[in-house]
Every structure is written in structure tokens, then in C-alpha cells.
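These figures come from a predicted structure and were not determined experimentally.
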Amino acid sequence: MNFSIKNKISTIEKEMIAFRRDLHKHPEIAFEEIETTNRIAAELNKLAIPYKRMQPTGIQAEIKGERPGKTILLRADMDALPVTELNKELSYQSMIAGKMHACGHDAHTAMLLSAAAALLEVKESIQGTVRLLFQPAEEIAEGARKMIEQGVTMDVDNVFGIHIWSELESGKVSCPPGPSFAAADMLTVRFKGKGGHAAMPHQTVDAAIMASQFVSTLQTIVSREIDPLHPAVVTIGKMEVGSRFNVIAENALLEGTIRTFDNKTRNKIEESINNYAIHLAKLYGGTVEVEYDRKTEPVVNESKSAQLVQAVAAKAFGKDVLRAEPPTMGAEDFGYYMAEATGAFALVGAGNAEKDTLWAHHHGRFNVDEDALIIGAELYAQYALAYLSQSEF
């Protein structure tokens with residue numbers, strides 16, 4: 001643990017909270033974070049940290065140590081959601097109708113900026129480079145890929161991210177090795193039959209029958225083809241069939257999502273979905289088109305990185321700060337960075353009943369216990385310094 005980092009973040013805690021509140025008042029959704037990017041750039045200018053703007057939004061900055069070494073990427077997402085804020089009593093409630101920081105990305109951005117300020121205090125101790133990434137469009141699972149296309153992971157040896165978590169007690173830290181967030185894929189299936197009058201079904205090919213059979217048998221992929229020790233969820237959330245009560249449907253549209261923790265399971269499910277759809281369409285004399293869109297990669301904490309996060313957190317805040325949250329089928333596009341380099345993704349608790357911050361992420365009443373921000377900011381900085389200080393990793 002570096003006490004200069006701890007002291008610096010403690011000193012600027014009020015400024016960090018004020019910055020987070022200002023972002024909260026002015027939310028911007030995916031790839032529209034123009035003013036958010038400008039605000040971050042202004043803070044980096046104050047700190048004299050060199051940076052470059054990403055396209056269409058986002059910022060990559062770097063703090064180079066006095067000695068050569070490895071490169072670690074610290075990432076904070078910064079986009080808001082198309083959610084109406086219901087926290088009417090807050091002095092910093094959203095000023096933009098229908099938009100809200102309902103997932104804590106405002107806190108992530110504020111924490112990483114504070115971590116950057118603290119790392120400057122110990123620049124002479126940094127062996128290597130700390131790359132800071134303020135990423136857009138996490139909520140639509142496109143930001144990470146866009147940043148990687150622009151080279152943010154080039155020459156990076158390790159990646160680290162943090163998510164504020166309302167389901168975890170405020171100030172606690174969770175980063176167990178292994179799966180954390182699931183891969184999330186989007187499924188679109190279009191069955192085509194032959195429409196006709198409901199009184200003459202023998203002249204038709206009913207798309208409703210194909211779609212119904214597909215939905216009712218789809219779950220057998222999970223129950224009979226997937227290893228039960230490898231969790232998977234297959235959900236059809238939307239189904240549009242037919243146009244009128246006395247017309248046999250010619251077309252059926254289904255949309256759904258698939259959640260998995262490993263790509264072997266993911267590949268098997270995609271293959272089986274295609275097989276099910278093709279055989280059902282052939283059985284009833286119709287045709288089918290299947291689109292399987294891989295939206296995010298699984299977030300799986302590499303063992304050594306997760307152990308280092310735990311060690312850093314225990315030294316900085318005490319061993320009782322550590323928790324081991326179970327994996328969630330929720331998705332996070334941080335997994336794309338983990339496909340490029342080893343790393344870890346930590347949860348920092350922000351749930352506090354007394355401060356009414358136990359609301360679920362993406363809810364209109366979501367808020368964070370701001371006492372957690374100092375924990376997240378220090379964890380960013382302490383982990384980066386600890387990783388770069390190791391002779392072997």
C-alpha cells in the first residue's frame with residue numbers, strides 16, 4: 001500500500017464527489033457523451049496528463065513512470081441510460097428528461113480521475129505506464145470494441161476495471177477469481193411460411209406453429225445438451241406472429257438473449273439453435289433465418305490478477321473489506337479487454353439502506369453511497385502501482 005496515494009485521494013474526496021454529481025446532473029447516453037468527454041479533458045488538462053480523444057467520444061490518457069516497465073490499462077465507462085430519474089429529492093438529479101446515470105458510470109469516471117491525480121503524486125515510483133481509458137457506450141455493448149479498434153489495448157499487459165455495485169454493502173470489495181459477468185448474445189429468428197385463410201389451413205404453412213414449437217423446445221438445449229456444471233440461460237423475450245385473427249400467419253419474428261460464462265458452451269448453444277430452427281422449418285414446410293449476434297464477451301477474472309486485487313484491498317482497507325459476490329448473468333463489455341490481456345474486474349459496494357442506495361441498477365431510483373467513491377478511486381491507483389511494481393507476473 002502506498003500512503004501517498006491514500007492521502008491524496010482523501011484530500012480530493014470532496015472534489016471527486018462534486019465532479020460525480022455534476023456528471024449525474026448532465027447525463028449523456030451511448031456515443032453522445034460529448035460534454036462528458038469535454039469535462040474529462042478539462043480535468044486532465046488541469047493535471048497536465050497527456051491524452052487523446054477517441055472517436056466518436058471517449059478519452060485515452062497516459063501516465064508514464066520514471067522507469068520503463070509494463071503497461072496497465074485502467075478503464076472507467078461514462079455513458080448514461082435512457083431512464084427517467086425518480087430521485088426527485090436529490091440536489092443533483094438529472095436535468096435531462098428521460099436520461100439518467102442509473103448504473104454508476106458517473107461514479108466510475110470520477111473515481112478514475114481521482115486515481116489519476118493520486119498516481120501523479122507517486123510518478124517517480126511508477127515502473128512502466130498507466131493507461132487511463134474513459135469509455136463510451138458500455139450500455140449498448142459497443143464501446144469497448146470501438147476503443148479496441150482504435151488501439152487502446154496495444155502493448156497492454158494487464159487490464160483492470162471497477163463497477164459500483166448496489167447489491168453489495170457499501171465500501172466492500174469483491175474480486176474472486178473466475179467468472180464474474182456473463183457473455184450476452186442477441187438472437188433474432190425469422191420463420192417464413194405461407195399465409196392463407198383460417199378456414200383453409202391445408203393450403204398454408206403456419207409460421208405461428210413453427211415459432212411456437214421453436215420456443216417450447218428451445219429450453220431442451222440447456223437441459224439436455226449443455227453440461228449442467230456450465231450455467232446458461234436462453235430467453236425469448238419478444239414474439240411477433242401474424243396480422244389478423246382469421247389469417248394464418250406467414251411470418252413470425254422472435255428475439256431473445258443467451259447468457260453464458262464460457263465460449264465452449266456459447267458455441268454449442270449457437271450451433272444447436274441453428275439446428276433446431278432449420279429442422280423445425282423443414283418439418284413444417286417453411287424456411288427460417290437465424291441471426292446470432294455476440295454482444296459481449298464473458299468477464300472472467302484471471303487468478304493472479306484477482307488475487308492481487310484482494311491483497312491490495314486488504315492492505316489498503318483491512319481484510320474485512322473483502323467479499324466474494326457470486327457471478328451474475330448480467331453483462332459487461334469489459335470482457336473484450338480481457339480477451340486482449342490478463343486482468344480483473346472488481347465490484348465496489350455502494351448499497352446502504354440508510355442512504356436509500358439499495359435500488360437495482362437501471363432503476364429510476366438508483367443512486368450510490370458516495371462514501372464508496374474513495375474506496376474505488378484508491379483501489380484503481382493502488383492496484384496499478386502494485387501490478388507495475390512486481391518483478392514477475
Side-chain angles (χ1 to χ4, degrees), residues 29-31 81-84 98 137 139-142 145 182-298 328-331 333 360 362-364:
I29 60 175
F31 290 134
L81 284 155
V83 171
T84 298
E139 294 294 358
I140 61 171
E142 294 182 15
R145 283 187 287 187
D185 302 330
M186 183 174 177
L187 175 67
T188 304
V189 181
R190 294 181 177 87
F191 285 101
K192 185 172 182 62
K194 180 182 178 183
H197 199 290
M200 293 172 278
H202 60 290
Q203 297 178 358
T204 70
V205 175
D206 194 342
I209 296 294
M210 291 185 282
S212 299
Q213 286 291 320
F214 180 77
V215 172
S216 65
T217 60
L218 191 62
Q219 297 304 325
T220 59
I221 294 175
V222 175
S223 66
R224 288 296 176 267
E225 296 189 40
I226 301 301
D227 186 337
L229 298 180
H230 293 265
V233 173
V234 177
T235 299
I236 298 298
K238 180 179 179 180
M239 188 172 179
E240 294 179 356
V241 182
S243 59
R244 184 176 165 81
F245 77 98
N246 63 346
V247 176
I248 289 177
E250 182 162 329
N251 298 292
L253 169 68
L254 295 84
E255 293 180 353
T257 181
I258 296 90
R259 308 292 174 121
T260 54
F261 286 117
D262 66 271
N263 282 319
K264 182 178 179 180
T265 300
R266 188 185 205 181
N267 294 339
K268 175 60 179 174
I269 289 177
E270 180 180 3
E271 178 187 0
S272 295
I273 285 175
N274 275 284
N275 288 337
Y276 271 50
I278 290 169
H279 283 91
L280 272 171
K282 186 176 181 180
L283 176 66
Y284 289 102
T287 59
V288 66
E289 295 179 1
V290 178
E291 297 176 16
Y292 193 101
D293 185 10
R294 299 191 173 206
K295 302 296 288 185
T296 67
E297 290 296 307
T328 173
M329 282 292 177
D333 72 358
H362 295 202
H363 192 280

Novice: Return the minimal non-hydrogen interatomic distance between Gly193 and Ala207, and the atom names on each side.
Specialist: N-CB, 4.3 Å
Novice: Pair Gln203, His197 - check side-chain hydrogen bond (donor to acceptor under 3.5 Å, both in side chains), show working.
Specialist: CA-CA 8 Å; Gln203 297 178 358; His197 199 290; over 6 Å; no
Novice: Would you give the length of the straight line joining atom NE2 of His202 to atom OG1 of Thr204, rounded to the nearest 0.5 angstrom?
Specialist: 9.0 Å
Novice: Which heavy-atom pair separates Thr84 from Gly98 by the least distance, and what is that distance?
Specialist: OG1-CA, 3.6 Å
Novice: With sequence neighbours left out, write down each residue that passes side chain to side chain donor-acceptor pair (under 3.5 Å) with Asp185, or none if nothing qualifies.
Specialist: Arg266, Tyr292
Novice: How close do Ala211 and Ala252 get, counting heavy atoms only, and between which atoms?
Specialist: CB-CB, 3.8 Å
Novice: Quick check for you: to the nearest 0.5 Å, what is the distance between Thr260 atom OG1 and Glu270 atom CD?
Specialist: 10.5 Å
Novice: So, does Ser216 use its side chain to make a donor-acceptor pair with the main chain of Gln213 at under 3.5 Å?
Specialist: yes
Novice: How far apart are the closest heavy atoms of Ser272 and Glu225, and which atoms are they?
Specialist: OG-OE1, 2.6 Å
Novice: Please find the pair of heavy atoms, one from Ala208 and one from Ala249, that lie closest to each other, and give the distance.
Specialist: N-CB, 4.1 Å
Novice: I'd like to know if the side chain of Arg259 and the backbone of Met329 have a donor-acceptor N/O pair within less than 3.5 Å.
Specialist: yes
Novice: Between Glu289 and Lys192, is the closest basic N to carboxylate O distance under 4.0 Å?
Specialist: no
Novice: Above 12 or not: heavy atoms from other molecules or residues under 6.0 Å from NE2 of His279?
Specialist: no
Novice: CD/Glu297 to CG/Asn263 distance, rounded to the nearest 0.5 angstrom?
Specialist: 5.0 Å
Novice: Within this structure, what is the CG-CE distance for the pair Asn251 and Met210, rounded to the nearest 0.5 Å?
Specialist: 9.0 Å
Novice: Does a side-chain heavy-atom distance below 4.5 Å link Val288 with Phe214?
Specialist: no
Novice: If you look only at distance, which donor and acceptor atoms sit under 3.5 Å apart when one is on a side chain in residues 239-248 and the other is two or more places apart or in another chain?
Specialist:
{"from": "Glu240", "atom 1": "OE2", "to": "Lys238", "atom 2": "NZ", "distance (Å)": "3.4"}
{"from": "Arg244", "atom 1": "NE", "to": "Asn246", "atom 2": "OD1", "distance (Å)": "2.9"}

Novice: Do you know which two heavy atoms are closest between Asp333 and Glu142, and how far apart they sit?
Specialist: OD2-N, 4.1 Å
Novice: With side chain to side chain contact (heavy atoms under 4.5 Å, CB included) as the test, would you mind laying out the steps for Leu81 and His362 before giving the verdict?
Specialist: CA-CA 7 Å; Leu81 284 155; His362 295 202; 3.3 Å; yes
Novice: Considering residues at least two apart in sequence or located in another chain, which fulfil the side chain to side chain donor-acceptor pair (under 3.5 Å) criterion with Thr265?
Specialist: Asp262
Novice: Just verifying a value: how many Å separate Glu255 CD and Thr235 OG1, rounded to the nearest 0.5 Å?
Specialist: 13.5 Å
Novice: Please name the residue in the list Ile236, Thr257, Ile269 that meets the side-chain contact (heavy atoms from CB on, under 4.5 Å) test with Leu187.
Specialist: Ile236
Novice: Please identify which of these residues, Ile226, Thr220, Val222, Ile221, meets the side-chain contact (heavy atoms from CB on, under 4.5 Å) condition with Val234.
Specialist: Val222
Novice: Taking side chain as C-beta onward, heavy atoms only, is Asp293 less than 4.5 Å from Glu291?
Specialist: no
Novice: Nearest 0.5 Å, please: how far is OG1 in Thr287 from CD1 in Ile278?
Specialist: 11.0 Å
